[in-house]
Amino acid sequence: MHIHLNHHSGEPIYRQIIEAVKFRIASGELSEGTRLPSIRELAGELQINMRTVAKAYQVLDRSGLVVMQQGRGVFVTSPQAVLPVRQRRAALLEHARRLLAEATRMGASSDEVIEIMKSATEEMWGRADG
Amino acid sequence: MSLNWRLLRWQSRDVRLITLVGLPVALIYTLCTSEPFGLNVETAGWVWLFVLIHSVLITWRLGRTRNRTFGFLYTQGYTRNALWGHTMLASAASVLAVWLPSAFVIWLGLRSSYQDMLGNCWFPLMGPTEWSYPFWWLLLYAMLLPALHYAWIRYAQPTWGLLSGALLAVGLVVAIMSIWNSVRVLELPEVARWLILGGLATTSISLLIGGWRLHGRLEVMS
Amino acid sequence: MAIQTRSLSREFGTVRAVDRISFALAPGQVLALVGPNGAGKTTLLKLLLGLIAPTEGEATVLGEPCFPPAAATAARIASVLDTCEPPRAARIRDLLDLKAGATSGFDRQRATALMQQRQLDVKTTWHALSKGQQRWVLGAVALASNADLLVMDEPADGLDPSARRQLYGLIREEVNQWDTTVVITSHILTDVERMADEVAIIKHGHVLLHASIEDLREQIREVELSERLSPDELPKDIELLGQKTVGDTQLAWIRRHGGSTEETLPGELRRRTVSLEEVYLALTEHQDKRAEILGETPCR
């Protein structure tokens, strides 16, 4: 699994891994039951500390996106197993707020933000749906 | 501590040049000195000067604690005991390599025959009386080297003044040399001779043990 | 703990090169020491290696006191120091011989293979090598010695980018496979961000900050100060690392200890993640200003 990490963005590496896995699940690149690389394998491939990978997998496991099975490996679970609706909405809202704060800082209009959201949604889910 | 050939070879590199120059110089001196050794202080004097220079050079080469190469050796994973032990072995090896050929030149009568050939009237008559001289030279090394090694180790101690090591070296060398040159050891009664020998041996062994103990706390300032 | 120091200090004459440094490092972690020249990084490494004695405090490495150096740990520590180098006339294979004599754990084949990767013949003498090649040789010997602790002073100095990347990769492999502990110093903060797990910023012999780099990424943000957020009204758990004015905006670097900063900041606040380099500059250059703000006596 190739993940492009940016070591200099100030974004924690474990979060970058989480985001990358989430993105791949969302885009259908990783389907239910797919085995993810082991902690050792991924740490070796990305040349990072095993603890960082372990932390990312733990968070993914806790949020129900993957399941870590002792001795067998890490597997992608079905998308249905993800957060309950209310929690999901709250989390999304938080992300949206941050996005809007950033957009305001850059001087973007609300139309522009909505337009970008639309095209990004199509880009990611258009394939999977169609 | 067990003998480690790799470490000994490495440390011997530092004194190799000294050994390679010292060996022929000692040989030529031994072969070409026309007066029998021990007959008077002047000729014996050149031996002590040679031994002193050789010992100082060995000590200098092996004890450069501020040198980058010294720091390198001390960060290669050897214990302090191994390092100290092989410093002593490398010194001893250089001494033996320089001393043995000259000793054999005397013991095998080569010096005697050569001087005889040159028409020296002392030889071969005086040849056999010289057999013990190489041991006196060796004794001089055995006194000087522990003293000098002790001095550089003390010089590199963490908290003691730098001067103490240097003063100690000069003091010890002057003391040893004065005893050596003022006391005509061979003319003393046997008991006195053994007493002096015993005292010197005790001093050398104490310095060796002291050097070993201090070496464990040596600071590498490279 | 692989390394533990308590109030470790070293004076040279009247200068305190290392001033009461206390820190601990767990096995399997890569710690990078960064700081301006003369900050005391190399002195700290020498103290850890037992090359010099502390004038105050103490340090243990792999469970043994650092000074006087313990026989039990001698062969378990491998190091590359800027101030130590082999004699000019020594060949690479002499260095391999020397290391092989010190520890049976030395993997000579691996060392030779690492030399060949950089087209280095083991018969080459030291002075015929370029600075980068010399670094590579020392690094390779240290890596092949299967040590439990690697101490490397500017290990990538003079290496070209590909060799540098490769060296860091090798160090990481070593750490992940054997739980080796690594302490390096570096001036290249982007390298530190890439290859280290923890960073300690040192200046004037003090540790200004020692933290996991992942934690720093999570905890440090640059925020815009406004009437909504003034330096005096920061939440209790938030530390002000530094401040600067750009045009008419007041920017501040803040850090929340023990958790994500994102969670405590109001969602509308303009914030930006910061790179290690910015943290470093904030701490080393704005240190006096920060001290002024916090009412501390500035560290000289």
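In the text below, chain A, chain B and the rest are named by the order of the sequence lines, each starting its count at 1.
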Could you pull out every donor-acceptor pair under 3.5 Å between side chains of residues 39-46 of chain A and any protein atom, sequence neighbours left out?
unit_1   : atom_1 : unit_2    : atom_2 : d
Arg40(A) : NH1    : Asn176(C) : O      : 3.2
Glu41(A) : OE1    : Ser38(A)  : N      : 3.0

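Only the backbone of Ile48(A) comes within less than 4.5 Å of a heavy atom of chain C; no side-chain atom from C-beta onward does.
With salt bridges taken as basic N to acidic carboxylate O contacts below 4.0 Å, one links Arg217(C) and Glu214(C).
Using non-hydrogen atoms only and a strict 4.5 Å limit, the part of residues 182-198 of chain C facing chain A consists of Thr190(C), Glu193(C), Arg194(C), Asp197(C).
Listed by first and then second residue, the salt bridge (Lys or Arg N to Asp or Glu O under 4.0 Å) pairs that reach into residues 141-155 of chain C are Arg76(C)-Asp148(C), sequence neighbours excluded. Applying the side-chain hydrogen bond (donor to acceptor under 3.5 Å, both in side chains) test to pairs two or more places apart or on separate chains, those with a residue in residues 135-145 of chain C are Asp82(C)-Arg135(C).
Atom CZ of Arg24(A) sits in a crowded spot, with more than 12 heavy atoms from other residues, nucleotides or ligands closer than 6.0 Å.
Judged by distance alone, with hydrogens and angles left aside, the side-chain atoms of Thr181(C) form no donor-acceptor pair with the main-chain N or O of Leu149(C) at under 3.5 Å.
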